[in-house]
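Here's the structure, in structure tokens; my notes come after.
One-based numbering along the sequence shown.
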Amino acid sequence: FGPDGWLYVPVGAPCNICMPSAAHAQLRRINLDGSSPEVVARGIRQVVGMDWHPVLGQLYFTENSRDWLSEEIPEDKLNRLTQPGKDNFGFPYCHQGNIRDQEFGWGRACDEFTKPVTLLGPHSAPLGMRFYTGNMFPSEYRNAIFVARHGSWNRSTKFGGDIAVVSLNENGTVKSVDPFITGFIENNNYLGRPADVLVLKDGSLLISDDFNGAVYRVTYDSASVGR
């Protein structure tokens, strides 16, 4: 549910890579009574996590890019909706904002499409994401984005499997992408696979792990820093 009172619904592509129908690879929104459905963005392969910037009110969302192009490309994305109804994020013509698809990209240019705000790594499988709006963590985390990267399944060397924190500038562009919680990959095997995050009212952070069937809670105690 958005701050505008609408319900936002992702409709993924029905494939790894294909020319989707007019009803796929998009974000839609509807009124709470089911009326006035409309498409707010197109060219999106698969959305999992969505959240709204606490100050700017813009929708940010993770996107899983296509597989089987190579182990290193394309990278998965973090997108921002700035022109509802007009934004097109490029699928299936363009991947990660700058790579034309070898089959569907002929005659198209990546500059035709809305660029991601940042890339999140090759096949990192970013799933749930949330803006941090709590007061427990240090101030540098305020209004940053926590992203659960589920981790790659089709790379020789696994990538992701962590919680990344995306720090933003005041205008909503990305300042940095940094590790927040790691250690879920050891000797190229998963010990856990983060799937979603949730900020509790007390400012702590919940992380779900569907590999272990577990939920972790992250807290911060300023009084213990340095001990």
Could you tell me whether [X] and [Y] make a salt bridge, using a distance below 4.0 angstrom between a side-chain N and a carboxylate O?
| X | Y | value |
| --- | --- | --- |
| R28 | E38 | no |
| R66 | D101 | yes |
| K115 | D87 | no |

- Answer yes if the ring centres of F184 and Y190 are under 6.0 angstrom apart, and no otherwise.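 So the answer is no for these two rings.
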Verify, without hydrogens or angle tests, whether [X] (side chain) and [Y] (backbone) share a donor-acceptor contact under 3.5 angstrom.
| X | Y | result |
| --- | --- | --- |
| D4 | W6 | yes |
| S152 | N154 | no |
| D202 | S204 | yes |
| E112 | C110 | no |
| D111 | A109 | no |
| T62 | L127 | yes |
| Q26 | A22 | yes |
| R45 | S65 | yes |
| K77 | G97 | no |
| S35 | N31 | no |

Rounded to the nearest 0.5 Å, what's the gap from [atom1] on [X] to [atom2] on [Y]? Could you check?
| X | Y | atom1 | atom2 | value |
| --- | --- | --- | --- | --- |
| Q96 | L119 | CD | CG | 5.5 Å |
| I73 | I99 | CD1 | CD1 | 4.0 Å |
| D51 | T133 | CG | OG1 | 8.0 Å |
| H95 | R100 | NE2 | CZ | 11.5 Å |
| L120 | L78 | CG | CG | 5.5 Å |
| N79 | T118 | CG | OG1 | 10.5 Å |

- Query: salt bridge (Lys or Arg N to Asp or Glu O under 4.0 Å) between D76 and R149: does it pass, once the steps are laid out?
  - Reply: CA-CA 10 Å; D76 293 327; R149 296 195 293 194; over 6 Å; no
Do [X] and [Y] come close enough that some side-chain heavy atom pair is under 4.5 Å?
| X | Y | answer |
| --- | --- | --- |
| F104 | I17 | yes |
| F159 | I185 | no |
| F91 | P20 | yes |
| I207 | V215 | no |
| E63 | F89 | yes |
| V9 | R29 | no |
| T157 | N188 | yes |
| T173 | V117 | no |

- Check the pair L27, V39 against side-chain contact (heavy atoms from CB on, under 4.5 Å), reporting the backbone distance first and the verdict last. CA-CA 6 Å; L27 276 173; V39 177; over 6 Å; no
- Query: Aromatic rings F131 and Y60: how do their planes relate, parallel, tilted or perpendicular, breaks at 30° and 60°?
  - Reply: perpendicular
If hydrophobic clusters are built from ILVMFWY residues whose side chains come within less than 4.5 Å, do [X] and [Y] share one?
| X | Y | answer |
| --- | --- | --- |
| V197 | Y141 | yes |
| M136 | Y216 | yes |
| F137 | V165 | yes |
| M19 | F113 | yes |
| V147 | V174 | yes |

- Side-chain H-bond candidate by donor/acceptor type, N212 with R193, under 3.5 Å: no
- Item | Side-chain H-bond candidate by donor/acceptor type, H150 with D210, under 3.5 Å |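 D210 and H150 do have a side-chain donor-acceptor pair below 3.5 Å.
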- Message: Check this for me: E170, atom CD, are more than 12 non-hydrogen atoms of other residues, nucleotides or ligands nearer than 6.0 Å?
- Response: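 Counting other residues, nucleotides and ligands, CD of E170 stays at 12 neighbours or fewer.
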- Message: Using side-chain contact (heavy atoms from CB on, under 4.5 Å), reason through V47 and M50 one step at a time and then give a plain yes or no.
- Response: CA-CA 8 Å; V47 176; M50 299 188 293; 3.6 Å; yes
- Shortest non-hydrogen contact from L206 to R217? CD2-CB, 3.7 Å
- Pick from E72, E71, E75: which one makes a salt bridge (Lys or Arg N to Asp or Glu O under 4.0 Å) with R155? E72
- Could you please spell out the steps behind the side-chain contact (heavy atoms from CB on, under 4.5 Å) verdict for N143 and V55? CA-CA 8 Å; N143 297 337; V55 178; 3.8 Å; yes
- Query: So F146 and F180, ring pair (Phe, Tyr, Trp, His ring centres under 6.0 Å) or not? Walk me through it.
  - Reply: CA-CA 8 Å; F146 287 114; F180 181 71; 4.6 Å; yes
- Query: Can W52 and Y8 be said to form a ring pair (Phe, Tyr, Trp, His ring centres under 6.0 Å), step by step?
  - Reply: CA-CA 11 Å; W52 280 262; Y8 284 73; 5.1 Å; yes
- Item | Criterion side-chain contact (heavy atoms from CB on, under 4.5 Å) on L81 and V40, from CA distance to verdict | CA-CA 8 Å; L81 183 67; V40 294; 4.3 Å; yes
